[in-house]
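The structure under discussion appears below in the form of structure tokens.
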Amino acid sequence: MTLRQITLLFASLFAASIAFAANPQKPAVSDIAAGLLSIKIDGMQDLPISGLKMVKSGEQTVFISSNGRFAFYGGKLMDIWTQQEIKALADIDNIANRIDLSRMKLKADDLAR
């Protein structure tokens, strides 16, 4: 990703955060997750918490799981792989403990090779 693309991403996120502050509508979870997938990491440090890292990208801070699947962003817990927010205990079983292969664009026949 080029510096120009990163700058545009952060400008978009900043503009969106201002717009959302004035307007209580929430951004789509898939948009947030897609943005997290495309950030440039400036630094990362292990925390004294098993399986959690703090990631700095410019002025933004994201807490992300060691495997890169879960992130705390904007006060929300996100499953980045499925691009869904985890809001309730039931979501852990329905979202986090399963991998939806159809969303990963994988063909079962290709996995057998």
Side-chain angles (χ1 to χ4, degrees):
M1 182 176 273
T2 67
L3 181 59
R4 180 173 168 19
Q5 290 171 322
I6 294 168
T7 304
L8 288 173
L9 172 66
F10 283 116
S12 298
L13 288 174
F14 180 71
S17 66
I18 291 172
F20 291 127
N23 185 353
Q25 292 179 345
K26 296 181 180 180
V29 173
S30 61
D31 292 342
I32 294 170
L36 289 173
L37 287 171
S38 64
I39 64 172
K40 176 187 174 286
I41 296 173
D42 294 330
M44 183 182 296
Q45 178 67 41
D46 285 329
L47 296 170
I49 301 170
S50 179
L52 190 65
K53 297 181 183 284
M54 179 178 174
V55 177
K56 289 293 290 181
S57 178
E59 294 297 315
Q60 289 194 328
T61 301
V62 177
F63 292 92
I64 193 162
S65 64
S66 294
N67 67 357
R69 180 169 183 182
F70 304 102
F72 290 101
Y73 178 78
K76 297 178 183 184
L77 176 59
M78 308 289 297
D79 180 345
I80 296 175
W81 293 359
T82 64
Q83 299 185 352
Q84 296 179 7
E85 182 179 1
I86 297 173
K87 297 179 184 179
L89 292 175
D91 293 342
I92 299 296
D93 188 47
N94 294 329
I95 297 171
N97 290 333
R98 294 183 171 95
I99 297 175
D100 184 357
L101 295 179
S102 67
R103 295 186 74 150
M104 297 179 75
K105 300 177 184 169
L106 293 174
K107 295 179 183 174
D109 293 339
D110 291 342
L111 297 174
R113 293 181 188 184

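Here the closest non-hydrogen pair linking K56 and E59 is NZ-O, 4.0 Å. Nearest approach of A71 to I80, heavy atoms of both residues: CB-CD1, 3.7 Å.
A side-chain donor-acceptor contact under 3.5 Å links D91 to the backbone of A88. In this structure a side-chain-to-backbone donor-acceptor pair under 3.5 Å is present from S57 to K40.
Note that CG of D79 and CZ of F70 are 4.5 Å apart. Values are rounded to the nearest 0.5 Å. Taking CG of D42 as the start and OG1 of T61 as the end, the distance is 10.5 Å to the nearest 0.5 Å. Here the CD atom belonging to Q83 is positioned 8.0 Å from the CE atom belonging to M78, to the nearest 0.5 angstrom. Taken to the nearest 0.5 Å, the CD1 atom of I95 stands 9.0 Å off from the CD atom of E85.
Residues passing the side chain to side chain donor-acceptor pair (under 3.5 Å) test with S66: none are found, sequence neighbours excluded.
Proximity of Y73 to V55: side-chain heavy atoms (C-beta onward) are nowhere separated by under 4.5 Å.
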